[in-house]
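First comes the structure, then the notes that go with it.
Convention: sequence-line order gives letters A, B, ...; per-chain numbering from 1. Below, each value reflects all heavy atoms present in this structure, side chains not excepted, and no hydrogens, waters or symmetry copies.
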Number of protein chains: 2
Amino acid sequence: MNSFGEPLRLLGWITGADAEQLDQLARERVADFAPREDIVSEGDPPQFMHAVLRGWLCHYKALPNGRRQITGFSLPGDICDERVFLIRQMDHSIAAVTNATVGLIDRHRLQDLMGRRPRLQQAMARQSYLRLSMQREWLVSVGQRGAIERLAHLLCELHLRLEAVGQAEPDSCEMPLTQSEIAEATGLSTVHVNRTLQELRAANLIVLRDRTLQIPDLRALREAAMFDPSYLRCGDKDVPGNG
Amino acid sequence: MNSFGEPLRLLGWITGADAEQLDQLARERVADFAPREDIVSEGDPPQFMHAVLRGWLCHYKALPNGRRQITGFSLPGDICDERVFLIRQMDHSIAAVTNATVGLIDRHRLQDLMGRRPRLQQAMARQSYLRLSMQREWLVSVGQRGAIERLAHLLCELHLRLEAVGQAEPDSCEMPLTQSEIAEATGLSTVHVNRTLQELRAANLIVLRDRTLQIPDLRALREAAMFDPSYLRCGDKDVPGNG
DNA sequence: CGAAATGTTGAAGTTAGTCAATTACAGTGG
DNA sequence: CCACTGTAATTGACTAACTTCAACATTTCG
């Protein structure tokens with residue numbers, strides 16, 4: 001279900017020879033992960049940069065009290081940790097949400113490549129900026145939006161990001177997250193997520209069944225979410241990946 | 001109260017000629033701002049990069065419903081928007097919290113300088129990483145920590161960051177934030193912030209009076225906050241600015 | 001099939017929000 | 001110095017949102 005005819009392109013906003021080089025580098029060494037399996041853990045010294053070739057990953061931080069906060073998702077085409085080479089220890093963990101295939105990119109080889117291809121360097125900076133922008137928007141969500149808006153917002157974001165890499169239709173996409181994962185991402189309890197999803201269904205804003213999300217009226221859902229997609233655009237007019 | 005004997009050094013973790021060049025560039029053109037004044041607003045095309053020379057700034061996003069979320073603070077020595085040259089429009093606003101002096105750095109001149117001084121480039125990447133790391137931790141706070149922990153955590157972060165730039169004692173620092181600003185930063189109501197601060201006072205974890213925060217027992221406060229400072233260290237052993 | 005994970009429901013409890021009034025405080029101009 | 005202004009801090013009463021606990025139903029998968 002996650003494999004498409006067209007080959008997946010990493011970092012949709014780069015093209016041509018740069019993109020091919022990056023793709024090639026990412027596919028030289030790959031690893032598969034099962035759901036819930038850690039790809040890197042908090043405290044690890046980072047060895048590789050990771051590129052998502054198939055499946056969904058989540059970034060999370062665990063707290064001493066046993067709870068955890070999912071701080072973001074990485075979808076096919078994303079680079080997870082474009083800043084690894086700056087740090088000595090991971091300050092958060094990255095785990096597979098679905099079955100996932102991840103490209104392991106040697107940091108030194110990447111730095112070499114970036115030296116020769118300045119647009120790649122810029123692309124990494126852009127991915128980094130985009131991640132900050134998403135992080136900020138998630139904080140706004142959890143800090144200021146109520147449960148309905150928060151869930152709607154998350155669904156809008158995931159749908160748009162999937163669409164940008166050709167993995168969604170205009171009115172539907174895969175939704176492999178469990179309610180418990182949605183809860184950890186939004187800072188709500190699983191029970192409340194369950195009830196809030198029912199509200200969204202009752203309002204005809206979503207149809208969520210069989211790991212598939214359908215959106216009967218995207219405009220309505222975005223309005224309910226107070227969703228303004230500009231934070232995903234990195235300052236450009238176009239959505240990343242639509243170029 | 002905010003001016004110190006030693007001159008403030010931008011980005012504490014760079015030193016020597018690089019630091020001097022950056023300082024010089026930032027001081028060539030400066031501007032003063034009054035509390036609550038916007039330095040850049042959401043939607044603006046960015047003209048300059050901003051370096052905090054004096055005072056506190058806040059980053060925030062406003063919502064259609066009139067509320068706003070403060071997503072972070074910029075303290076003396078910080079660069080606010082080290083990625084401006086990637087974007088065409090600001091996706092959030094930056095405002096002064098106190099009276100503040102800000103260095104306006106022309107993006108082209110900075111890019112020139114970074115070309116000649118690769119360590120500066122790395123320093124910017126590091127600032128960028130640090131901001132992402134803080135953003136992530138704030139999300140964890142708002143998503144998973146209760147009100148007491150959340151406030152304690154914010155105070156711990158600010159105290160440590162101020163200490164790192166020589167603007168705090170081991171057991172105290174300035175605290176110019178109003179309760180309303182603390183509320184906007186933590187996703188709580190002002191009333192609840194007020195009551196929670198009283199709890200922290202009653203537990204002898206803080207003394208907060210006259211815009212000054214005293215911390216009788218730092219270890220106790222950090223424990224109450226579940227504060228682990230490693231997210232401010234950018235993967236290094238040392239705190240930024242203590243090198 | 002049976003075990004484990006996920007989703008759903010009800011009832012009760014807790015945390016935090018809202019509204020509205022009051023107090024304390026800082027700055028201003030007379 | 002004081003009255004006057006506006007902002008910030010504080011308090012009480014009430015309400016709404018969300019959590020917790022515990023049970024049960026459903027789906028997934030070895």
Side-chain angles (χ1 to χ4, degrees), chain A residues 1 34-37 56 58 63 65-70 95-99 141-152 154 174-202 206-213, chain B residues 1 34-37 56 58 63 65-70 95-99 141-154 174-202 206-213 224:
Chain A
M1 199 100 61
R36 307 173 152 280
E37 196 178 346
W56 293 24
C58 72
L63 281 99
N65 63 12
R67 305 170 60 147
R68 68 169 189 169
Q69 173 73 38
I70 291 179
V97 168
T98 65
N99 284 306
S141 246
V142 177
Q144 302 298 334
R145 292 190 246 257
I148 296 186
E149 299 153 326
R150 232 183 276 181
L151 291 196
L154 176 62
E174 277 191 277
M175 186 48 56
L177 302 177
T178 65
Q179 292 184 356
S180 158
E181 285 159 340
I182 295 176
E184 290 174 313
T186 53
L188 298 167
S189 66
T190 55
V191 173
H192 204 56
V193 165
N194 182 288
R195 288 177 173 137
T196 307
L197 284 176
Q198 290 179 50
E199 282 191 72
L200 285 170
R201 280 189 267 245
I206 62 169
V207 179
L208 185 51
R209 265 180 41 211
D210 303 326
R211 325 250 115 177
T212 300
L213 169 67
Chain B
M1 198 99 62
R36 305 174 150 281
E37 196 179 346
W56 293 24
C58 71
L63 281 100
N65 63 13
R67 306 171 59 150
R68 68 169 189 167
Q69 173 73 38
I70 291 179
V97 168
T98 65
N99 285 304
S141 246
V142 176
Q144 302 298 334
R145 294 189 245 257
I148 297 185
E149 300 154 326
R150 235 185 273 183
L151 291 196
H153 198 277
L154 175 64
E174 276 191 277
M175 185 49 55
L177 302 177
T178 65
Q179 293 184 356
S180 159
E181 286 159 338
I182 295 176
E184 291 174 313
T186 52
L188 298 166
S189 67
T190 56
V191 173
H192 203 58
V193 166
N194 183 288
R195 291 181 170 133
T196 307
L197 284 176
Q198 290 180 49
E199 283 191 72
L200 285 170
R201 281 189 266 246
I206 62 169
V207 179
L208 185 51
R209 265 180 40 211
D210 304 325
R211 327 248 112 181
T212 300
L213 169 68

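Between the CD atom of Glu149(A) and the P atom of dC18(D) there is a distance of 9 Å, given to the nearest Å. Computed from coordinates, the Glu184(A) CD to dA5(C) C1' distance equals 14 Å when rounded to whole Å. When rounded to the nearest whole Å, the span between CG of Asn99(B) and C1' of dA26(C) equals 14 Å. Taking atom CG of residue Leu208(B) and atom C1' of nucleotide dC25(C), one finds them 15 Å apart after rounding to whole Å. Spacing between atom CE of Met175(A) and atom P of dG7(C) amounts to 12 Å, rounded to whole angstrom units.
Remark: Arg67(B) engages Gln144(A) in a side chain to side chain donor-acceptor pair (under 3.5 Å) (not counting sequence neighbours). For Thr178(A), the side chain to side chain donor-acceptor pair (under 3.5 Å) partners are Glu181(A), not counting sequence neighbours.
Sorted pairs that involve residues 185-201 of chain A and meet salt bridge (Lys or Arg N to Asp or Glu O under 4.0 Å), not counting sequence neighbours, are lacking altogether.
Nearest approach of Ala96(B) to Ala34(B), heavy atoms of both residues: CB-O, 3.4 Å.
Within the nucleic acid shown, Arg36(B) comes within 4.0 Å of sugar-phosphate atoms alone, with no base atom in reach, counting heavy atoms only.
Arg150(B) places a side-chain N or O within donor-acceptor distance of the main-chain N or O of Arg145(B), the cut-off being under 3.5 Å. Between the side chain of Thr98(B) and the backbone N or O of Trp56(B), at least one donor-acceptor pair lies under 3.5 Å. Put simply, the side chain of Gln69(B) gets close to the backbone of Glu184(B): a donor and an acceptor are under 3.5 Å apart.
Using a 4.5 Å heavy-atom cutoff, the side chains of Asn99(A) and Pro35(A) are in contact. Considering only heavy atoms from C-beta on, Leu188(A) comes within 4.5 Å of Leu151(A) through its side chain.
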Exercise. In the 5'-to-3' direction, what one-character label does each nucleotide of nucleotides 8-22 of chain C receive under the scheme B = base within less than 4.0 Å of a protein heavy atom, S = sugar-phosphate only, - = no such atom?
Worked result: BBBB----BSBB---
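Here the straight-line distance linking atom CG of Leu213(A) with atom CG of Leu200(A) works out to 10.0 Å at 0.5 Å rounding. Separation of atoms OG1 (Thr196(B)) and CD (Gln179(B)) is listed at 10.0 Å; rounding is to 0.5 Å.
For the helix from dC1(C)-dG30(D) to dG30(C)-dC1(D), the angle separating the two terminal helix axes comes to 50°, with each axis derived from five pairs and the value rounded to 10°.
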Give every pair of a protein N or O atom and an N or O atom of nucleotides 27-30 of chain D that lie under 3.5 Å apart, one pair per line with the distance.
none

